[in-house]
Amino acid sequence: LISNHTGSGNDAYNVTALTDATVMFGEAKIVVISGVSTYLFNDSASIAFSAATETTIVELNTSFPTGDNIILANIQIDNGATAQNITAGDIKIKDTSGAVLSQNEFRMQFGTSNTLDVQSIFLIAKDTGASANENYTVTVTGAQGGDAEAKIIAFQVQASAFYDGESTA
């Protein structure tokens with residue numbers, strides 16, 4: 001996630017990946033949203049998390065009025081070369097009250113080799129009728145310790161639609 005609030009209107013964006021491993025898998029999607037005047041962005045530093053402890057990775061304290069907020073978060077986890085699973089529901093976007101707005105629906109399995117020890121996930125939430133000055137956090141709970149970093153952006157919209165599809169086999 002990036003925020004470019006000083007764009008010229010004809011900006012070009014590129015996604016580049018570097019690796020020291022012989023094999024790398026990746027995918028990039030770019031969405032540019034224009035005309036949003038009420039938004040906030042926060043990019044956390046790398047935060048260590050302990051085994052079986054819910055840890056806040058990033059916070060976003062808004063000054064938005066009451067309304068509908070869209071929250072996007074990209075979370076990268078480095079398990080520190082310790083094999084572990086992060087179970088479904090252990091990566092979350094929460095609001096001020098602690099209510100879970102979005103979470104990982106499937107487990108993330110980490111290995112010990114370079115190609116398996118770092119993964120990322122993208123979470124999306126819509127907070128309909130959010131209170132004024134709503135705050136959002138991204139939290140991670142791992143079976144083992146590790147490091148996580150997150151980028152979060154929230155923006156307020158006049159009209160939107162969001163459907164969180166069911167998990168299917």
Side-chain angles (χ1 to χ4, degrees), residues 1-17 26-50 52-78 86-108 118-142 146-168:
L1 286 177
I2 64 167
S3 173
N4 180 5
H5 61 277
T6 60
S8 66
N10 294 313
D11 294 333
Y13 300 97
N14 297 305
V15 177
T16 304
E27 180 180 359
K29 294 178 180 1
I30 298 176
V31 175
V32 178
I33 301 170
S34 178
V36 176
S37 59
T38 305
Y39 73 94
L40 285 172
F41 176 79
N42 193 7
D43 184 357
S44 77
S46 181
I47 305 291
F49 62 91
S50 301
T53 302
E54 186 173 34
T55 303
T56 297
I57 304 304
V58 67
E59 295 181 62
L60 188 67
N61 302 314
T62 76
S63 56
F64 299 169
T66 300
D68 293 349
N69 300 335
I70 304 294
I71 306 96
L72 310 174
N74 189 68
I75 304 99
Q76 179 175 311
I77 298 172
D78 183 343
I86 294 182
T87 59
D90 278 352
I91 304 171
K92 302 171 186 159
I93 297 176
K94 295 177 160 184
D95 68 8
T96 303
S97 72
V100 176
L101 303 176
S102 182
Q103 62 190 357
N104 62 309
E105 293 188 27
F106 300 99
R107 130 188 107 134
M108 295 178 75
V118 178
Q119 295 183 39
S120 65
I121 188 168
F122 188 73
L123 297 178
I124 302 170
K126 180 178 181 184
D127 192 3
T128 304
S131 301
N133 306 313
E134 190 67 70
N135 300 324
Y136 299 104
T137 58
V138 172
T139 65
V140 173
T141 305
D147 296 300
E149 182 268 337
K151 294 171 177 57
I152 185 171
I153 188 167
F155 48 94
Q156 195 162 71
V157 295
Q158 298 301 315
S160 66
F162 177 69
Y163 174 71
D164 185 5
E166 298 295 321
S167 298
T168 58

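Sequence positions, counted from 1, serve as the residue numbers for this chain.
The shortest distance between side-chain heavy atoms of F155 and I71 does not fall below 4.5 Å. For the pair N104/T87, no side-chain contact is recorded, criterion being any heavy-atom separation below 4.5 Å from C-beta on. The shortest side-chain heavy-atom distance between V118 and Q76 falls under the 4.5 Å cut-off. A 4.5 Å side-chain heavy-atom check between I152 and L72 finds every atom pair outside the cut-off. Between I75 and V140 there is a side-chain heavy-atom pair separated by less than 4.5 Å. Counting heavy atoms from C-beta outward, D147 and I47 have side chains that stay 4.5 Å or more apart. Contact check for I121 versus M108: side-chain heavy atoms found under the 4.5 Å cut-off. No side-chain heavy atom of N135 sits less than 4.5 Å from a side-chain heavy atom of L60.
Taking every heavy atom of both residues into account, A132 and T66 meet most closely at N-OG1, 3.5 Å. Pairing each heavy atom of S97 with each of D95, the nearest pair is OG-OD1, 2.8 Å. What you find for A88 and E105 is that their closest heavy atoms are CB-O, 3.4 Å. The nearest pair of heavy atoms linking T55 to A48 is CG2-O, 3.9 Å. Looking at every heavy atom in both residues, A73 comes nearest to I93 through CB-CD1, 3.9 Å.
A donor and an acceptor atom, one from each side chain of T62 and E134, are nowhere located under 3.5 Å apart.
Taking CG from N133 and CZ from F64, the interatomic distance works out to 10.0 Å, rounded to the nearest 0.5 Å. If you take CD1 on I91 and CD on Q119, they are separated by 9.0 Å, rounding to the nearest 0.5 Å.
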- Criterion salt bridge (charged side-chain N to carboxylate O under 4.0 Å, His left out) on K94 and E59, from CA distance to verdict: CA-CA 10 Å; K94 295 177 160 184; E59 295 181 62; over 6 Å; no

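Here the rule is side chain to side chain donor-acceptor pair (under 3.5 Å) with Y136, and of N42, T96, N69 only N69 fits it.
Between the S44 side chain and the A150 main chain, a donor and an acceptor come within less than 3.5 Å of each other. When atom types are taken as modelled, the side chain of T139 and the backbone of T137 share no donor-acceptor pair closer than 3.5 angstrom. With hydrogens and angles ignored, the 3.5 Å screen pairs no side-chain donor or acceptor of S46 with any backbone N or O of E149. Under the 3.5 Å distance criterion, the side-chain polar atoms of D68 are left unmatched by any main-chain donor or acceptor of T128. At least one donor-acceptor pair closer than 3.5 Å links the side chain of Q156 to the backbone N or O of P65.
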